[in-house]
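Here the structure comes first, spelled out in structure tokens, and everything after it is commentary.
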Amino acid sequence: MLVFDRPKALCDVPLHYCPGCTHGIVHRLVAETIDELGIEGKTVGIAPVGCSVMAYDYFNCDMIEASHGRAPAVATGVKRSDPDNLIVFTYQGDGDLASIGTAETVHAAARNENITIIFINNAIYGMTGGQMAPTSLPGQVTQTSPYGRDPKLCGYPVKVCEMLSELEGPEYLERVTVNSVKNVRNAKRAIKKAFQNQIDGKGFSLVEVISSCPTNWGMTPQEALKWIDDKMIPYYPLGVYKDRSAGIFAHSQEASK
Amino acid sequence: MAKLTFREDECKGCGLCTFACPKQILRLSNEKINKKGHHPVECIDMEACIGCASCAIMCPDCIIKVER
């Protein structure tokens, strides 16, 4: 009996990511979700700029490459062209979604655009060689903050789920991670729910996946997963930030309505 | 009996599967080197494998096939 094999929606090619990079795990979870929901023929993925810029080579569905940060805007256009049939998802990193693409993200959420966003947060710019990202932790050493990120000079990190949960628009916001078998299973559930929300026409769903970057953090893959537990999760707490259908609101005033 | 199949040439030797295995039967090979130049993962005791697929779930490159 087959227990586990490569999902059909993931192309049969080697991934270009560094050893131990958890992008591969999230790619697989998205592909498994596409397989399980049987939506491969009508799914359109939007690839970002960043480490996952070549995501269009890895998914067996239609893919479009957006300019840097503009994936939610492209997804809006694609989804609105055929809202009843197409399933549209974007796959974005933190330099793409939380930095140059903040405006597109916030406004897609405010409009409650019926799309699914998979947001990979690894607290660093991976592809360009490990510069400080908007999500880098205070005190984190990167190429451009060799003495640690100083909030007085560089400001504080952007917490995307918390920020968007203040808006009335979005349907579903959750933060998960993939640093253990249990957490990967939980991330799978969240990603599947985000796709199911779109099929049900509920609206904007964003899943933030806390991810690792062993190469630019300067750690072994195993140490990087532990660093997520020790440093990142205390700053970026996991959980559901908004789920309108289930009545979960991080914003207390909205909940009291 | 459980059976693991590895696509050895796609393994990048990150070792995440070796830490995820509850039976501690996976390790990075000392002798073999694959096409990419990494030491690929190998199973040292297939009899002990329980087919839980923890290794496959943690593998970022999706190279492990699990049968039971």
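Per chain, numbering begins at 1; letters A, B, ... match sequence-line order.
Between the side chain of A:Y58 and the backbone N or O of A:H16, at least one donor-acceptor pair lies under 3.5 Å. Of the possible polar contacts, one joining the A:R149 side chain to the A:S136 backbone as a donor-acceptor pair under 3.5 Å is found. Without hydrogens or angle criteria, A:R175 side chain to A:P237 main chain gives a donor-acceptor distance under 3.5 Å.
Between A:H27 and A:Y91, the angle of the ring planes goes over 60°, which puts this pair in the perpendicular group of the 30/60° scheme.
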Please tabulate, for the side chains in residues 11-25 of chain B, all donor-acceptor contacts under 3.5 angstrom to protein atoms that are two or more places apart in sequence or on a different chain.
from, atom 1, to, atom 2, distance (Å)
B:K12, NZ, A:L15, O, 2.7
B:K12, NZ, A:Y17, O, 2.6
B:K12, NZ, B:D61, OD1, 2.8
B:T18, OG1, B:G15, O, 2.5
B:Q24, NE2, B:C21, O, 3.1

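With a 4.5 angstrom heavy-atom cutoff, A:L29 does not touch chain B via any of its atoms. In this structure, chain B has a heavy atom under 4.5 Å from the side chain of A:V184, while its backbone stays farther away. Interface residue A:S180: only backbone heavy atoms are found under 4.5 Å from chain B. With a 4.5 angstrom heavy-atom cutoff, A:R28 touches chain B only via side-chain atoms. Residue A:V26: no heavy atom, backbone or side chain, is found under 4.5 Å from chain B.
No side-chain heavy atom of B:K65 sits less than 4.5 Å from a side-chain heavy atom of B:R7.
At most 12 heavy atoms of other shown residues, nucleotides or ligands fall within 6.0 angstrom of atom CZ in A:R185.
Residues of residues 28-45 of chain B lying under 4.5 angstrom from chain A, judged on non-hydrogen atoms, are B:K36, B:H38 by number.
The salt bridge (charged side-chain N to carboxylate O under 4.0 Å, His left out) with A:K192 is formed by just one residue from the set A:E32, A:E36, A:E174; it is A:E36.
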